[in-house]
A.B. asks: 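The structure under discussion is supplied below as structure tokens; questions concerning it will follow.
Here the structure is a predicted model, which is why all the values come from computation and not from measurement.
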Amino acid sequence: MKKTTSFIIFILILTITLGGAAAAQTDDIPPGAISSFQPQKSGDRVDDALAAGKDAIYQEQWQKALDSYSQVVKAGRAHVDEALYWQAYAQDKLGQDPQALKTIAQLRREYPRSQWIKDAGALEQEILRKQGKTVKPDQESDCDLKLLAVNSLMNSDPDRAVPIIEKLLNNGGNSGQCEGQVLDKALFVLSQSDSQRARDLMLQIATGKLHPELQKKAIHYLGISGNHDTLMKIYQGSSSVEAKKTALHSLGISGGCTELLTLSAPEKDPQLVKEAIHSMGIAGCKSEVRDLYNKVTDSEVKRDLLHSTIVSGDTELQQKVAMSDPDPKMRAEALKDLGVSGGCTQLSGFSANEKDPEVVHAAIKAMGVGGCQQQLRDLYNKTTNPDMKREVLHSTIVSGDTELQEKVALSDSDPKLRMEAIKDLGISGGGSATLTKIYQNDQNPDVRSVVINALFIKGDAHSLVELARKETNPELKRELVQKMSVMGNREATDYLMEILNK
């Protein structure tokens with residue numbers, strides 16, 4: 001007993017001396033214990049300076065405001081962008097225009113996405129006007145006007161709109177403005193127009209003959225507009241794999257099932273075949289995918305077709321393949337897809353009839369992914385195979401069925417399965433009351449050790465402390481203390497201090 005006590009004290013001293021990774025967190029130290037020897041947090045000074053600056057602005061004490069906000073900027077922590085704006089504002093009020101413009105430039109350079117950029121721009125315009133300099137139109141306001149104009153063109157006469165949009169597209173100076181929003185709107189207008197001139201222009205862009213940087217966006221908008229014929233022409237006439245992929249995806253968005261099937265049949269490039277199949281899933285092409293699955297022999301293509309059913313929601317094909325495909329690997333893939341699709345009804349009872357172990361494993365895993373709690377419980381109760389029972393138990397970690405875990409941990413006749421259920425309860429964060437009850441009722445040290453580990457994994461320091469207070473077995477008590485020494489929990493640390501103070 002003396003050896004054990006010495007070992008525990010050694011662990012405690014080592015933990016406290018070195019600060020134990022988690023035990024050294026400041027929230028485990030009593031309030032005020034460290035404030036006497038630690039300097040004031042810089043964050044506190046920043047908050048004070050920020051408050052002083054706001055008060056000075058309100059009182060129109062510009063030099064005091066400048067000094068306060070300069071402190072915030074110098075600290076380089078929170079609210080620096082806000083402080084830079086008000087620093088420039090105070091500098092302007094003090095007649096320090098060159099310094100104010102430099103501060104605004106710093107704000108733009110270091111915080112380009114700040115919400116204070118727009119206010120800083122307005123301040124800059126005001127300073128430049130006072131200096132008698134020519135003020136350039138604010139780019140953001142200019143962009144807003146252009147976006148409004150393009151939006152209005154969507155509802156106007158397309159024959160009048162297209163020449164204006166064509167001029168806008170040909171104006172290289174506009175291509176970088178407004179983060180491309182104006183050109184984006186212009187393309188959308190073209191894609192929605194019925195005029196021949198608009199169609200011709202859109203086709204030139206979508207085929208990469210004009211503005212190649214806009215090609216993918218143009219193809220995308222053709223998909224939204226449902227222009228299947230143009231998308232077919234782009235695919236068949238393009239040598240770019242990326243353009244072909246975009247055309248296939250756009251056909252998927254627009255529901256072009258017939259076109260996708262037509263294009264995929266003769267295609268030799270595996271990348272494009274894969275994209276066509278994925279796009280069929282997006283388009284919900286259930287009958288086309290089923291027909292293609294029955295015709296192809298390539299296992300990779302079959303697998304891609306199966307995965308597309310997750311998007312299209314075709315659990316009927318998934319179930320058919322899972323039940324009758326001669327390839328066990330393909331059956332296993334179909335079962336995985338059923339799980340992702342939530343096909344619990346289709347998965348029900350499947351595992352009990354399957355002979356291939358790989359397929360059985362896939363079915364149980366699929367039930368876990370699908371959250372099929374009732375089906376897993378039924379399977380656990382029906383099967384007598386301990387390996388299958390163990391797999392069902394592990395799948396409850398994914399399905400979140402702590403109720404089955406608790407039931408098995410408390411009452412299953414197989415002690416190994418009870419141990420597995422206890423482990424799974426710890427991973428799933430199951431009921432501490434159940435784990436504590438098992439610990440108190442079962443005198444087997446191995447079982448108790450598994451319970452300790454489960455409580456440790458779920459981070460339940462309180463239960464570990466309560467068990468340690470009552471535990472008389474030195475080995476188990478040492479294990480409890482070892483676990484608590486690395487938890488970084490205040491209650492656990494307090495208990496460790498109790499032991500040291502005895």
A.B. asks: With sequence neighbours left out, what residues match T315 under side chain to side chain donor-acceptor pair (under 3.5 Å)?
C.D. replies: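 Side chain to side chain donor-acceptor pair (under 3.5 Å) check on T315 returns Q346.
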A.B. asks: Are the side chain of S238 and the backbone of S240 linked by a donor-acceptor contact shorter than 3.5 Å?
C.D. replies: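 Side chain of S238 to backbone of S240, a donor-acceptor pair under 3.5 Å: yes, one is there.
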A.B. asks: Measure the CG-CD distance between L201 and Q196 for me, rounded to the nearest 0.5 Å.
C.D. replies: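 Interatomic distance, L201 CG to Q196 CD, rounded to 0.5 Å: 11.5 Å.
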A.B. asks: Run E333 and K336 through salt bridge (Lys or Arg N to Asp or Glu O under 4.0 Å) and show every step you take.
C.D. replies: CA-CA 5 Å; E333 289 293 331; K336 291 176 187 176; 3.7 Å; yes
A.B. asks: Taking K477 for its side chain and A468 for its backbone only, find out whether a donor-acceptor pair lies under 3.5 Å.
C.D. replies: yes
A.B. asks: Under a 3.5 Å distance rule, please check whether S191 uses its side chain to pair with a backbone N or O of S225 as donor and acceptor.
C.D. replies: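 Checking the backbone N and O of S225 against the side chain of S191, no donor-acceptor pair under 3.5 Å is found.
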A.B. asks: Measuring from E471:CD to L464:CG, what's the distance to the nearest 0.5 Å?
C.D. replies: 11.5 Å
A.B. asks: Can you spot which of L425, I422, T434 makes a side-chain contact (heavy atoms from CB on, under 4.5 Å) with V451?
C.D. replies: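 The single option meeting the side-chain contact (heavy atoms from CB on, under 4.5 Å) with V451 is I422.
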A.B. asks: Using only atom types and a distance under 3.5 Å, with no angle test, would you say the side chain of T396 pairs donor to acceptor with the backbone of L393?
C.D. replies: yes
A.B. asks: Without placing hydrogens or testing angles, list every side-chain donor-acceptor pair under 3.5 Å for residues 80-88, not counting sequence neighbours.
C.D. replies:
residue : atom : partner : partner atom : Å
D81     : OD2  : S114    : OG           : 2.7
Q87     : OE1  : S70     : OG           : 3.4
Q87     : NE2  : T103    : OG1          : 3.4

A.B. asks: Indicate whether the side chain of Y235 and that of E267 have a donor and an acceptor atom separated by less than 3.5 Å.
C.D. replies: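 E267 and Y235 do have a side-chain donor-acceptor pair below 3.5 Å.
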A.B. asks: Would you check if there is a donor-acceptor pair between the side chains of D67 and Q63 at a distance under 3.5 Å?
C.D. replies: yes
A.B. asks: Could you check if a side-chain atom of K209 sits within less than 4.5 angstrom of a side-chain atom of L203, using non-hydrogen atoms only?
C.D. replies: no
